[in-house]
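Some notes on the structure that comes next.
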Protein chains: 2
Amino acid sequence: MAPQLTTTSYAVLAQVAVHPWSTYELAQQRVRYFRYVWPRAESAIYREVKRLSSMGLLDGNKEWVGKRARTVYSITDKGREALREWLATPVSPFAMDFEALIRLFVAPLGTKEQIVTTLTQVRDDVREMLRFGGEVKQEFLDGISVTQDQVYIRALAVDFFISLLNTVGAWAERTLAEIESWDDLSPDGKNERALEKIRELPVLTPESVERTPVPPRTQLHPRRR
Amino acid sequence: MAPQLTTTSYAVLAQVAVHPWSTYELAQQRVRYFRYVWPRAESAIYREVKRLSSMGLLDGNKEWVGKRARTVYSITDKGREALREWLATPVSPFAMDFEALIRLFVAPLGTKEQIVTTLTQVRDDVREMLRFGGEVKQEFLDGISVTQDQVYIRALAVDFFISLLNTVGAWAERTLAEIESWDDLSPDGKNERALEKIRELPVLTPESVERTPVPPRTQLHPRRR
DNA sequence: ATAAAGTACTCCAATTGAGAGTATAGGGCC
DNA sequence: GGCCCTATACTCTCAATTGGAGTACTTTAT
């Protein structure tokens, strides 16, 4: 039995499908590809290319720079076939890790300053990610991207990335402003105002709210596969 | 040396801080709390409460239902203190796993139907999550939430959740519409249009773009601690 | 009375993440 | 010519984590 491929496997395959890379480049350049949508440890990449090449999905070529070897991987027909088959399987849902929200829940245990610091950090992280998104955008506009011939696809992803980050950034800003306007972190007199705000939140799910017998998911959704 | 606490530990502590729970409830009711912002396996929760109670951060009380035991955990002062200290440490950045984007990148290897199915799945997942968000919203408005006294904090989280999902949902809709308008998945004549669209994407980072000497992060950012 | 669904966990094999460690290459500086 | 610093190119290990299977009792529905 062939060992099971994970989404990480397919992410690596997808990146090598663009053009051949050495493992080192692959691990570094993931930044330009999947760091923000499928973040995995560097060592996982090194492990993965070996597995994939032992399964014949990647083709590893040893090159020499002086006395030091490096392996350059390219995708095989079998690898492309594996990707093709994967596209027919169910996708795993959007998932996030957002520690700041957990901190928000217990914020009243700490100081106002602490939660402000946390949210400022979130805002700055988002700015940094957006800066990167702007870079990618500019590369496409300048026509110098490695995937220039695929703009019509990549544009959809850049759209996603920038929209999402703008949303998170805007939330961080308004939440920061709200908390700054408080005297302290106690509930005193804040709950009425909060209910007003919560009432205005747009949960616009016209159809699905009407009648969709969604089975209650008892299982946590699978994050990888 | 006390074993290191992870963000998962603090997530459990934060949930038990609301009121006592049995482990089973804790594992199930994570849905209402952290399923979408800090998803972890069920077995991880069982392991975690044991660790936390052996460290004296939780207090486990054995109860009996007929012949079957169940353990109800409540937070201790030491547990609350641990949460308090945690709030002073740096937060780990927002991270997501979004398999659909990887699929989008290699979509031309498959059929138009396949990528449409994938995006439809994303849209439906988002709808389901929004339905849940609407439920939480309604509970607060009806004044029956377990954390009713904390609306002023929870409202900020509900705002985040609903804003983010609306953004992802809207992206799924417009991307679906765009792809439906294509004859096939080939690049023919699509790149010019895509460049137009990409040009209009709002990357509004006035300050940070001007002059922020952000050190290039070579390390992948830590996701948990 | 019986079946099905819910409660309340334990245990395990396989993956993954984070970091430390090893070693060579190349450029700048004195 | 020697030294230092940074980049390249990995390997190895350990602990954390996941998903799933398994056990066994309780409650509800038929």
Side-chain angles (χ1 to χ4, degrees), chain A residues 1-12 20-31 34-35 38-53 60-73 92 95 97 215-225, chain B residues 1-12 21-31 34-35 38-53 60-73 92-93 95 97 215-225:
Chain A
M1 271 297 130
Q4 198 56 49
L5 293 177
T6 66
T7 302
T8 305
S9 317
Y10 294 110
V12 170
W21 306 82
S22 78
T23 323
Y24 185 75
E25 287 170 325
L26 213 46
Q28 298 297 304
Q29 290 302 111
R30 281 191 94 253
V31 169
F34 303 125
R35 168 145 80 119
W38 201 259
R40 289 301 177 269
E42 207 191 324
S43 55
I45 310 305
Y46 282 91
R47 237 192 320 253
E48 202 58 47
V49 284
K50 283 189 197 170
R51 275 186 65 210
L52 293 173
S53 95
N61 252 56
K62 229 173 189 161
E63 294 185 355
W64 292 92
V65 183
K67 282 188 184 181
R68 198 170 51 189
R70 65 192 223 132
T71 315
V72 175
Y73 290 95
S92 78
D97 277 6
R217 303 197 202 171
T218 52
Q219 279 292 88
L220 295 180
H221 49 219
R223 304 184 60 229
R224 330 198 163 104
R225 168 125 305 278
Chain B
M1 269 303 122
Q4 198 56 50
L5 293 177
T6 66
T7 302
T8 305
S9 317
Y10 294 109
V12 171
W21 305 81
S22 78
T23 324
Y24 183 77
E25 288 170 326
L26 214 46
Q28 298 297 303
Q29 289 301 112
R30 282 191 95 252
V31 169
F34 304 125
R35 168 146 79 121
W38 200 259
R40 290 299 178 270
E42 207 190 324
S43 54
I45 311 303
Y46 283 90
R47 200 173 335 111
E48 202 58 48
V49 284
K50 282 189 197 170
R51 273 185 67 208
L52 292 173
S53 93
N61 251 56
K62 225 167 193 168
E63 294 184 356
W64 292 91
V65 183
K67 282 188 186 185
R68 198 171 50 188
R70 67 191 221 130
T71 315
V72 175
Y73 290 95
S92 77
D97 278 6
R217 302 199 202 173
T218 51
Q219 280 293 85
L220 296 180
H221 50 221
R223 304 184 60 228
R224 315 178 179 122
R225 340 179 319 100

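Every chain is numbered from 1 and lettered A, B, ... according to where its sequence line falls, protein lines coming before strand lines.
For B/K67, the side chain to side chain contact (heavy atoms under 4.5 Å, CB included) criterion is met by no residue, not counting sequence neighbours. Residues passing the side chain to side chain contact (heavy atoms under 4.5 Å, CB included) test with B/S53 are B/L58, B/Y73, sequence neighbours excluded. For A/R47, the side chain to side chain contact (heavy atoms under 4.5 Å, CB included) partners at least two apart in sequence or on another chain are A/S43, A/A44. By the salt bridge (Lys or Arg N to Asp or Glu O under 4.0 Å) test, A/R70 pairs with A/E63, sequence neighbours left out.
Side chain of B/V65, nearest nucleotide from C/dA25, C/dA18, C/dA8: C/dA8. Of the candidate nucleotides C/dA18, C/dT10, C/dT16, C/dT16 has the atom nearest to the side chain of A/T8. Nearest nucleotide to the side chain of A/S22, out of C/dC9, C/dT16, D/dC10: D/dC10. Between C/dT16, D/dC10, C/dC9, one nucleotide has an atom nearer to the side chain of A/T71 than all others, and that is D/dC10. Among D/dT18, C/dT16, C/dC9, the nucleotide with an atom closest to any side-chain atom of A/R51 is C/dT16.
Contact check, B/K50 against C/dT10: a side-chain N or O comes under 4.0 Å of OP1 or OP2.
In this structure, the side chain of A/Q28 does not engage the main chain of A/E25 through any donor-acceptor pair within 3.5 Å.
With values rounded to the nearest 0.5 angstrom, A/T7 atom OG1 is found 8.5 Å from B/D97 atom CG.
Across the interface with DNA chain D, nearest-nucleotide mapping of A/T23 and B/G66 shows A/T23 to be the residue nearer the 5′ end. Projected onto DNA chain C by closest heavy-atom contact, A/A44 and A/K67 fall at different nucleotides, the more 5' of which corresponds to A/A44.
A straight line from OH of A/Y46 to P of C/dG19 spans 16 Å, rounded to a whole angstrom. Rounded to whole Å, atom C1' of C/dT24 lies 16 Å from atom CD of A/E63. Put simply, CD on A/E25 is 11 Å from C1' on D/dA9, counting in whole angstrom units. For the pair B/I45 CD1 and D/dA16 P, the interatomic distance rounds to 16 Å; values are reported in whole Å.
A donor-acceptor pair shorter than 3.5 Å can be found between the side chains of A/S9 and A/E48.
Among the heavy atoms of the strands, none lies under 4.0 Å from A/K62.
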Protein-to-nucleotide contact annotation, 5' to 3' order, nucleotides 2-8 of chain D [B base; S sugar-phosphate only; - none; under 4.0 Å, heavy atom]: -----BB
Output one line per pair: protein atom, nucleotide atom from nucleotides 13-15 of chain D, and distance, for all N/O pairs under 3.5 Å.
none

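For the pair A/R40 and A/W38, the cation-pi test (distance below 6.0 Å, angle within 45°) is passed.
A/V72 is not listed as a side-chain neighbour of A/T23, based on a closest heavy-atom distance of 4.5 Å or more.
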